[in-house]
Amino acid sequence: MSGRTPRPAARILLTDPAGRVLLFRFTPDDRPPFWCTPGGALDPGESYPVAARRELFEETGLNLDCGDEVARRQVDFTTIEGVEVTADERYFAVATSVTDIACHGHTALERRVMREWRWFTPDELAAHDEPVFPQDLRALLALTEACDGR
């Protein structure tokens, strides 16, 4: 047994009309800064689609249907709180014309470690010097664009 805590999570690939993706910059005390898609752990009894919509609203202020799951990954990591987890992450692709987000729904922890957000083009992602998660984000975005016919 691994000793890791299972962590089901919904993550959102939020894109704007220019094809940019929204990422948050995390600045934890115990590791270098990194960027990540909106989303987070499911609440007890919550489904992935419901969690995706809730997380999107809490982190961006956008109350949008997140549609169907477009990708899934399982990964081991240590959370900001220091918990070793095996995450079962489900990804949802959401397009929006709104590029100014509201962070009023952030938790105290999120307000402490997620102080910045930014829209990235695929080229900017490739050239960025800080880690971006998921590491295969550009491939996920290309997959969702192919499915949408963009």
Side-chain angles (χ1 to χ4, degrees), residues 4-67 69-144:
R4 291 184 169 273
T5 302
R7 183 180 189 264
R11 307 227 53 100
I12 297 93
L13 304 171
L14 185 65
T15 56
D16 71 1
R20 301 178 305 170
V21 63
L22 179 71
L23 298 177
F24 287 100
R25 186 173 188 254
F26 286 73
T27 56
D29 296 331
D30 64 343
R31 63 194 100 161
F34 61 91
W35 294 80
C36 197
T37 59
L42 274 63
D43 287 341
E46 194 173 40
S47 70
Y48 285 92
V50 168
R53 186 173 193 142
R54 176 186 53 76
E55 286 285 344
L56 180 65
F57 181 68
E58 288 175 359
E59 294 184 1
T60 69
L62 300 172
N63 188 9
L64 302 172
D65 179 10
C66 294
E69 176 184 321
V70 297
R72 179 182 182 184
R73 82 176 185 142
Q74 293 185 318
V75 61
D76 291 340
F77 65 90
T78 302
T79 67
I80 298 292
E81 301 94 333
V83 178
E84 291 187 2
V85 299
T86 296
D88 180 1
E89 298 180 336
R90 312 292 174 95
Y91 286 83
F92 297 82
V94 180
T96 182
S97 60
V98 177
T99 57
D100 192 25
I101 67 166
C103 300
H104 62 274
H106 285 193
T107 65
L109 175 64
E110 289 168 339
R111 286 191 299 275
R112 185 173 61 80
V113 300
M114 291 171 48
R115 295 185 186 166
E116 296 177 55
W117 56 270
R118 179 179 155 195
W119 295 92
F120 284 85
T121 67
D123 289 341
E124 289 169 335
L125 284 173
H128 200 64
D129 60 352
E130 291 181 319
V132 173
F133 296 103
Q135 292 176 330
D136 62 346
L137 179 56
R138 290 181 67 211
L140 284 175
L141 293 170
L143 173 68
T144 61

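Annotation: the span from Phe120 atom CZ to Leu141 atom CG amounts to 12.0 Å, rounded to 0.5 Å. Residue Thr96 holds its OG1 atom at 8.0 Å from CG of Leu56, rounded to the nearest 0.5 Å. We find the CZ-CG distance between Arg118 and Leu22 to be 11.0 Å, quoted to the nearest 0.5 Å. Separation of atoms CG (Asn63) and CZ (Arg53) is listed at 4.5 Å; rounding is to 0.5 Å. For the atom pair CZ (Phe92) and CG (Leu13), the distance works out to 10.0 Å, reported to the nearest 0.5 Å. The structure places CZ of Arg4 at 4.0 Å from CG of Asp76, a figure rounded to the nearest 0.5 Å.
Side chain of Trp119 to main chain of Asp16: no donor-acceptor pair is present (N/O by atom type, distance under 3.5 Å, no hydrogens or angles). The backbone N or O of Pro122 lies less than 3.5 Å from a partner atom in the side chain of Arg138, making a donor-acceptor pair. Between the side chain of Arg7 and the backbone N or O of Glu89, no donor-acceptor pair lies under 3.5 Å.
The two residues Ala95 and Leu64 make their nearest non-hydrogen contact at O-CD1, 4.4 Å. When all heavy atoms are compared, the tightest approach of Pro28 to Ile80 is CB-CD1, 3.7 Å. Heavy-atom minimum distance, Gly61 versus His104: CA-CE1, 4.1 Å. Between Leu140 and Ala71 the shortest heavy-atom distance is CD2-CB, 3.4 Å.
With sequence neighbours left out, the ring-ring contact (aromatic ring centres under 6.0 Å, His included) criterion links Tyr48 to no other residue. Scored by the salt bridge (charged side-chain N to carboxylate O under 4.0 Å, His left out) test, Asp123 finds no partners at all (sequence neighbours excluded). For Phe133, the ring-ring contact (aromatic ring centres under 6.0 Å, His included) test picks out Phe34, with sequence neighbours left out. Under the side chain to side chain contact (heavy atoms under 4.5 Å, CB included) criterion, Glu130 pairs with Arg25, Pro33, Trp35, His128, not counting sequence neighbours.
Here the side chains of Leu23 and Leu125 are in contact, with some heavy-atom distance below 4.5 Å. The shortest side-chain heavy-atom distance between Glu58 and His106 does not fall under the 4.5 Å cut-off. The side-chain heavy atoms of Arg20 and Thr99, taken from C-beta on, include a pair separated by under 4.5 Å.
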Validation: residues 36-46 side-chain donor-acceptor distances under 3.5 Å, sequence neighbours left out:
{"from": "Thr37", "atom 1": "OG1", "to": "Arg11", "atom 2": "NE", "distance (Å)": "3.0"}
{"from": "Asp43", "atom 1": "OD2", "to": "Arg54", "atom 2": "NE", "distance (Å)": "3.3"}
{"from": "Glu46", "atom 1": "OE1", "to": "Asp43", "atom 2": "N", "distance (Å)": "2.7"}
{"from": "Glu46", "atom 1": "OE1", "to": "Arg54", "atom 2": "NE", "distance (Å)": "3.3"}
{"from": "Glu46", "atom 1": "OE1", "to": "Arg54", "atom 2": "NH2", "distance (Å)": "2.8"}
{"from": "Glu46", "atom 1": "OE2", "to": "Arg54", "atom 2": "NE", "distance (Å)": "2.8"}

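With Tyr91 as the fixed residue, the side chain to side chain donor-acceptor pair (under 3.5 Å) test singles out one of Glu69, Arg72, Arg73: Arg73.
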Practice problem: Determine, step by step, whether Thr78 and Arg31 satisfy the side chain to side chain contact (heavy atoms under 4.5 Å, CB included) criterion, reporting the C-alpha distance in whole Å, the side-chain angles of both residues, the deciding distance to 0.1 Å, and the verdict. | Solution: CA-CA 11 Å; Thr78 302; Arg31 63 194 100 161; 4.2 Å; yes

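Applying the salt bridge (charged side-chain N to carboxylate O under 4.0 Å, His left out) test to pairs two or more places apart or on separate chains, those with a residue in residues 103-112 are Asp29-Arg112.
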